[in-house]
Amino acid sequence: MTLFNPKTCEFAEFDAETRRLLRATVDWFEARGKTALKHDDRERIWYSDFLDFVKRERVFATFLTPAAQANGDPNKRWDTGRIAMLSKILGFYGMSYWYVWQVTILGLGPIWQSDNAKAKAKAAALLDSGEIFAFGLSEKEHGADVYSTDMVLEPKGGGYTATGSKHYIGNGNLAAMVSVFGRRADKPIIDSATALDSKPTQEDYEGYLFFVADSRHQNYKLGRNVVDSQMYVAAFDLEQYPVAEDDILHRGEAAFHAAMNTVNVGKFNLGFGAVGACEHAFHEAINHAENRILFGHKVTEFPQVQALVTDSYARLIAMKLYSERAIDYLRTASPEDRRYLLFNAIEKMSVTRQGQRIIEDLADVIAARGFENDMYFPMAMLGLFGLPRLEGTVHVNMALSLKFMANYMFHPSDAGLVALRYLPGTAPKGAVRAVSGALSWSSRKLTPRASAAVPQLRSEFAGAQYPTVPTRRDAADDEFLFRQGPSSGLGRIRFRDWRPVFEKFAHVPNVAVFLEQALAFQTLLAAASPTAAQQRDVDFLFALGELFTALPYAQLVLEQAEIEGTDAAVLDQIFDGFVREFSKNALTLHTKPAATKAQQTRALDLVRRPVADRARFEQVFAQARSQAGSYEMNA
């Protein structure tokens with residue numbers, strides 16, 4: 001795993017046409033140069049020249065048209081691997097360029113998920129002609145409350161008229177099709193105040209609709225750009241906008257699920273935008289530090305700078321490892337394997353926040369140079385502070401991730417803890433013996449016995465018998481993403497045992513320490529599980545979630561490290577950082593006012609000191625330092 005370098009990257013993992021389009025995109029930015037890039041960003045100039053390139057080369061059309069709508073074009077497909085790569089490239093050159101692409105993806109989501117053949121054919125034709133799209137979900141008064149909407153559709157003749165406002169809608173100025181979420185005036189919708197405390201019925205969803213609008217229609221009233229940026233993030237009003245039958249994408253519960261599943265597809269790209277931005281920022285920071293002389297020494301010779309550079313490099317490599325492996329889980333997803341929903345949330349939430357941390361640390365390396373007007377770095381700073389807060393805040397994605405915690409941590413890897421669910425009543429002795437060894441290494445050996453003793457366990461264990469997920473960069477259409485089905489049922493998703501992945505790398509000193517922490521966290525959850533009151537305390541759960549999400553993040557890092565043969569020194573340095581962050585988050589949990597005495601005690605059991613190794617540190621720092629001079633964007 002190396003840093004992205006536009007001057008040398010060949011995109012060898014992709015087919016010929018994908019390689020051509022990725023190379024053409026890089027060449028367009030490099031030919032344009034950093035001076036023009038910075039000028040347009042500073043002057044807030046709409047990127048019509050970039051969209052002309054996209055139209056000419058049919059980049060969006062090729063990458064964002066599913067095979068079912070491709071009219072036989074073998075190069076058109078929805079391929080998450082190459083979508084992720086283009087997201088990284090666009091993030092590398094500027095988040096505004098990434099944003100117009102990202103919002104087009106979101107706008108297409110409800111269309112490709114629908115049964116409306118006319119709308120899909122229209123979208124495919126518009127993509128082919130170089131148009132962009134928008135996702136009309138957010139509203140000023142409701143924000144992330146997807147149950148509420150003031151976009152009201154009144155039945156009229158054979159269709160409707162829509163009246164209402166949308167806010168924070170990217171591409172809302174020029175989108176040929178805007179996928180708009182609204183509600184019927186004559187049907188009920190869900191009361192968001194009670195939605196999280198009770199399970200809505202199908203009838204409760206009857207009022208929701210997804211329909212398409214055209215930003216050029218006279219009843220579409222474009223408001224201002226709500227951000228001070230080159231991108232256009234619109235406020236717009238629909239005033240008695242006519243909605244025909246052919247404009248309707250989804251009705252009722254299907255409309256609600258289309259909103260959730262579109263975000264599932266789109267938010268994945270935020271992590272790759274973060275990776276690209278951090279890679280460019282790292283190149284600038286290390287180039288500056290290696291060539292800056294202070295008090296007779298290069299900046300890279302100062303110990304504090306070496307620590308910052310090494311941590312940032314290791315953190316960035318970890319982001320790349322996790323993200324590459326997460327692609328595989330997304331591409332192999334199916335109705336029977338929905339683990340991608342956890343890994344997807346972590347890609348959006350954790351990878352972007354790791355990127356923000358990198359920018360903060362590199363800012364201390366590059367110092368005042370990072371604010372100068374000829375540098376990419378200020379663009380990265382703004383972008384990396386924005387990404388964690390888009391497509392559902394960190395808090396929203398943490399709440400989603402926590403829904404998987406019990407099954408990831410305990411089912412079915414620990415036979416005893418699975419059996420614990422069935423103990424009340426007539427549990428046989430075999431199950432009780434399994435419980436007694438629940439957190440021991442032998443619990444996995446007890447699985448067959450526990451399964452025989454408690455028949456319900458058979459389905460539990462069968463639910464996690466997944467085949468090994470292969471590396472997926474093949475030229476295939478990821479059509480499942482547009483038939484994800486209901487966004488509910490997360491509690492039924494099972495995971496394979498996470499411990500063997502860590503055991504395989506236990507020879508790496510800090511992986512072994514992190515495994516100790518992970519097992520101690522498992523003990524905390526079993527011995528001092530959250531109370532009913534704590535399960536309603538988002539602040540407390542967030543602290544718990546920081547610890548939990550570190551495990552699947554580390555798991556996928558290790559899985560990809562095995563695939564790529566990542567250098568053991570780099571891996572040890574990555575986990576040095578993981579151990580420190582896990583200990584810090586354990587102390588945060590310990591100090592939470594809501595933590596019980598048992599939780600306070602068990603939280604301290606998670607605190608570990610990473611294994612220090614000066615030779616390993618110097619080896620990784622040398623790798624990071626060697627990036628100096630390897631890339632600088634054309635002027």
Side-chain angles (χ1 to χ4, degrees), residues 3-9 11 21-57 59-60 85-102 130 132 170-171 173-174 225 227-233 272-293 299 316 355 358-359 362-363 365-387 627-635:
L3 298 191
F4 178 66
N5 187 334
K7 302 291 179 69
T8 59
C9 189
F11 309 108
L21 288 175
L22 294 174
R23 188 72 249 169
T25 303
V26 167
D27 291 345
W28 184 87
F29 280 106
E30 291 292 336
R32 184 163 181 75
K34 188 160 65 170
T35 300
L37 189 81
K38 289 291 297 181
H39 172 270
D40 289 358
D41 175 69
R42 189 165 48 247
E43 299 300 323
R44 312 297 190 252
I45 295 174
W46 176 254
Y47 24 70
S48 56
D49 52 350
F50 172 67
L51 294 177
D52 287 343
F53 159 77
V54 166
K55 178 179 180 178
R56 183 171 64 252
E57 295 290 346
V59 179
F60 288 8
M85 178 58 77
L86 186 57
S87 296
K88 182 166 69 172
I89 291 170
L90 296 178
F92 187 93
Y93 288 108
M95 296 312 302
S96 290
Y97 298 92
W98 172 89
Y99 189 72
V100 69
W101 152 261
Q102 167 68 3
I132 57 176
N171 296 353
N173 56 328
L174 288 177
N225 188 351
V227 299
D228 183 18
S229 175
Q230 183 181 8
M231 65 185 77
Y232 202 107
V233 185
F272 293 91
V275 169
C278 287
E279 288 178 309
H280 198 157
F282 190 92
H283 281 298
E284 281 198 335
I286 197 67
N287 287 348
H288 170 76
E290 183 67 9
N291 292 288
R292 178 78 162 174
I293 305 297
V299 169
L316 183 48
I358 286 173
I359 293 299
L362 291 179
V365 173
I366 199 169
R369 178 71 174 124
F371 294 94
E372 295 184 21
N373 60 16
D374 62 338
M375 298 292 282
Y376 168 83
F377 203 89
M379 298 167 65
M381 282 195 285
L382 181 60
L384 265 299
F385 273 80
L387 285 176
Q627 300 297 316
S630 64
Y631 170 78
E632 185 171 352
M633 186 176 178
N634 291 346

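This chain uses plain numbering: 1 for the first residue, then up along the sequence.
Checking side-chain atoms of K38 against main-chain N and O of M379 turns up no donor-acceptor pair under 3.5 Å. Remark: side-chain polar atoms of R32 are not paired, donor with acceptor, to backbone N or O of N634 under 3.5 angstrom. Of the possible polar contacts, one joining the E284 side chain to the F377 backbone as a donor-acceptor pair under 3.5 Å is found.
L21 CG to R23 CZ: the interatomic distance, rounded to the nearest 0.5 Å, is 12.5 Å. Distance check, rounded to the nearest 0.5 Å: NE2 of H280 to OH of Y631 gives 4.5 Å. Put simply, CD on E57 and OG1 on T25 are 8.0 Å apart, with the number rounded to the nearest 0.5 Å. Rounding to the nearest 0.5 Å places SG of C278 at 6.0 Å from CG of L316. Going from atom NZ of K34 over to atom CE of M375 covers 5.5 Å, rounded to the nearest 0.5 Å. For the atom pair M633 CE and D374 CG, the distance stands at 12.5 Å (nearest 0.5 Å).
Around NZ of K55, the count of heavy atoms belonging to other residues, nucleotides or ligands within 6.0 Å does not exceed 12. By the 6.0 Å contact criterion, CG on L51 is enclosed, its count of non-hydrogen atoms from other residues, nucleotides or ligands being greater than 12. Other residues, nucleotides and ligands contribute only 12 or fewer heavy atoms inside 6.0 Å of the CZ atom of R292.
Taking both residues in full, the closest heavy atoms of A289 and V365 are given as CB-CG1, 3.7 Å, listed atom of the first, atom of the second, then distance. When all heavy atoms are compared, the tightest approach of G629 to N287 is N-OD1, 2.7 Å. Across every non-hydrogen atom of N5 and S630, the tightest pair is ND2-O, 3.0 Å. Here the closest non-hydrogen pair linking F92 and P6 is CE2-CG, 3.5 Å. Of all non-hydrogen atoms in H39 and I45, the two that sit nearest each other are CE1-CD1, 3.6 Å.
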Could you please spell out the steps behind the side chain to side chain contact (heavy atoms under 4.5 Å, CB included) verdict for L3 and F282?
CA-CA 9 Å; L3 298 191; F282 190 92; 3.5 Å; yes
Please lay out, stage by stage, how H283 and F4 fare under the test ring pair (Phe, Tyr, Trp, His ring centres under 6.0 Å).
CA-CA 9 Å; H283 281 298; F4 178 66; 8.4 Å; no
Between Y93 and F50, does a ring pair (Phe, Tyr, Trp, His ring centres under 6.0 Å) hold up when you go through it step by step?
CA-CA 12 Å; Y93 288 108; F50 172 67; 9.9 Å; no
What do the steps show when you test I89 against L22 for side chain to side chain contact (heavy atoms under 4.5 Å, CB included), and what is the final call?
CA-CA 8 Å; I89 291 170; L22 294 174; 3.8 Å; yes
Run the side chain to side chain contact (heavy atoms under 4.5 Å, CB included) check on W28 and V59 step by step: do they pass?
CA-CA 12 Å; W28 184 87; V59 179; over 6 Å; no
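Applying side-chain contact (heavy atoms from CB on, under 4.5 Å) to Y47 and the options V100, L37, D41, D52 leaves one that passes, V100.
Judged as a side chain to side chain donor-acceptor pair (under 3.5 Å), and not counting sequence neighbours, N373 has no contacts. Legend: residues meeting side chain to side chain contact (heavy atoms under 4.5 Å, CB included) with M95, ordered by chain and number and at least two apart, are W98, A277, L387.
Here D228 pairs with R44 in a salt bridge; the nearest charged N to carboxylate O distance falls below 4.0 Å.
Within the 6.0 Å centre-distance limit, the rings of Y97 and F29 are counted as a close aromatic pair.
Residues L174 and I132 have side chains in contact (heavy-atom distance under 4.5 Å, counting atoms from C-beta outward).
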